[in-house]
Amino acid sequence: MKPKILVSRQVFPEVLDRLQADFEVDYHDVDAPLSPEQLAARLADKVGAITMLSDRIDASVLGQAPHLKAVCNVAVGYNNFDVPAITAAGVMATNTPGVLNDTTADTAWSLILSSGRRVVGADRWVREGQWKGWKFQDAWLGQDIHHATLGILGMGRIGQAVARRALGFDMQVIYHNRTRLDDEQEKACHARWVSKEDLLKESDFLVALLPYSPQTHHAIGAAELALMKPSAHLINIARGGVVDDQALIEALKTQRIAGAGLDVFENEPALNPGFLGLDNVTLTPHIGSSTRKTRLAMAMLAADNLVAALSGQRPPCLINPEVFKLAD
Ligand code: GLV
Ligand code: GLV
């Protein structure tokens, strides 16, 4: 008999085929999350699960899933996992780093360009029929991206991919990270380490790329926004909660900073209504990794993780290796 697994959301048919070759799949064939109660009920007899960032895996769910050996998230971020609880339950947890770096870096750049040159606001204005004649000193004077200073808060693999793209725009790149990159990595992305305070003060475009955790909650709030240049733009493609949305709304409303490009939000998909009336913010619905090729690669990597975990091998992207050692 094949091991029983849950796939918590609709995935590409190729991924389902791959999983069905090895497992008896309980498939939630809908692109919407199960409720916490449904999730727990469907995990009750499963040894593995493919999960999404909308699935909370915590002690309560784990307590109702006594056979579970592995939970494999289709995302690089895993703040939907209570990792200590998963580890305590002896369950392997995996994510999908790497395969989405370039796509997510492209998304950061689309928001940098869109925010700096006000593309989305201008598009809206044209559609509203407000364009009555070409103007020299028009309402759409933006910020230059070329030769500006790009700041990156959280210099992981995605941050480095964002930085490498800045070379073509002749930008200066600065970053802040708890641990500095080594010389070779800094050289590869032409980036210079600075303190968080200097990063906030000097960046023309500041990209937040911190993983979300209690330690990074509101890493950019009112005090940090107050240090930024009035001409600066803030880009968040990391996680809602890394930025204090209400403080950002105030900063945008009072033009304390010039603009923002946001792909993630506190309490998403619910949006703080304060964003809606502002024309200096670009809003996208958490599409950082959203190309077909990359979402497929992420789901396939999650499937690889699950296949390895349930066949006694070390999954390629194991978050809690101590569990594997225990099981060995
Ligand atoms: C998406 O947000 C991810 O973490 O992969
Ligand atoms: C995570 O933030 C990464 O850069 O892989």
Side-chain angles (χ1 to χ4, degrees), residues 7-12 15 31-34 39 49-58 70-83 86 92-112 114 152-162 165 177 207-220 234-243 245 260-271 282-306 315-320:
V7 175
S8 75
R9 225 187 232 260
Q10 208 163 55
V11 290
F12 301 107
V15 181
D31 199 353
L34 291 164
L39 182 65
I50 299 287
T51 59
M52 301 276 174
L53 49 85
S54 43
D55 299 317
R56 176 94 191 131
I57 305 291
D58 57 14
V71 282
C72 299
N73 222 31
V74 188
V76 64
Y78 48 86
N79 55 301
N80 57 308
F81 283 178
D82 180 339
V83 176
I86 295 172
M92 285 177 264
T94 67
N95 66 338
T96 61
V99 292
L100 46 51
N101 293 348
D102 282 316
T103 298
T104 308
D106 288 352
T107 305
W109 272 92
S110 71
L111 289 171
I112 290 169
S114 179
I152 298 175
L153 182 61
M155 195 63 151
R157 288 151 293 194
I158 298 170
Q160 292 169 54
V162 172
R165 283 159 174 71
N177 207 44
V207 181
L209 266 166
L210 296 169
Y212 182 75
S213 71
Q215 291 74 40
T216 62
H217 179 72
H218 290 183
I220 299 182
L234 175 66
I235 310 301
N236 187 6
I237 56 163
R239 275 291 182 278
V242 167
V243 173
D245 283 356
L262 308 173
D263 188 45
V264 289
F265 305 89
E266 293 188 85
N267 311 313
E268 64 184 52
L271 198 69
T282 301
L283 309 169
T284 54
H286 202 147
I287 56 170
S289 61
S290 186
T291 63
R292 188 186 194 282
K293 188 169 167 235
T294 292
R295 287 274 164 91
L296 178 60
M298 291 165 69
M300 279 295 188
L301 182 53
D304 291 344
N305 279 315
L306 189 54
C317 318
L318 187 58
I319 294 162
N320 53 352

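Position 1 is the first residue of the sequence; numbering continues from there. Counting starts at 1 for both ligands and their atoms, following the listed order.
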Atoms of ligand 1 close to M298 [distance to a heavy atom under 4.0 angstrom, numbered from 1] = 5 (O)
Structural part of L100 in contact with ligand 1, heavy atom criterion under 4.0 angstrom | side chain
Kindly confirm or rule out an N or O of V76 lying under 3.5 angstrom from an N or O of ligand 1.
-> yes
Are H217 and E266 close enough that some pair of their side-chain heavy atoms sits under 4.5 Å apart?
-> yes
R9: which of T51, D55, D31 passes side-chain hydrogen bond (donor to acceptor under 3.5 Å, both in side chains) = D31
So is there a nitrogen or oxygen of G77 less than 3.5 Å from a nitrogen or oxygen in ligand 1?
-> yes
Indicate, as side chain, backbone, both or neither, the part of L53 found under 4.0 angstrom from ligand 1 when only non-hydrogen atoms are considered.
-> side chain
Report yes or no: is the cationic atom of R295 (NZ for Lys, CZ for Arg) under 6.0 Å from the centre of the six-membered ring of F12, at an angle within 45° of the ring normal?
-> no
Nearest atoms (heavy-atom pairs only) where A303 meets V15 | CB-CG1, 4.4 Å
Tell me yes or no: between the side chains of R239 and T216, is some donor less than 3.5 Å from an acceptor?
-> no
Under 3.5 Å, N or O to N or O, is H286 touching ligand 1 that way?
-> yes
Those atoms of ligand 1 less than 4.0 Å from some heavy atom in A75 = 3 (C), 4 (O), 5 (O)
Can you name the closest pair of heavy atoms from H286 and E268 and give their distance?
-> ND1-OE2, 2.5 Å
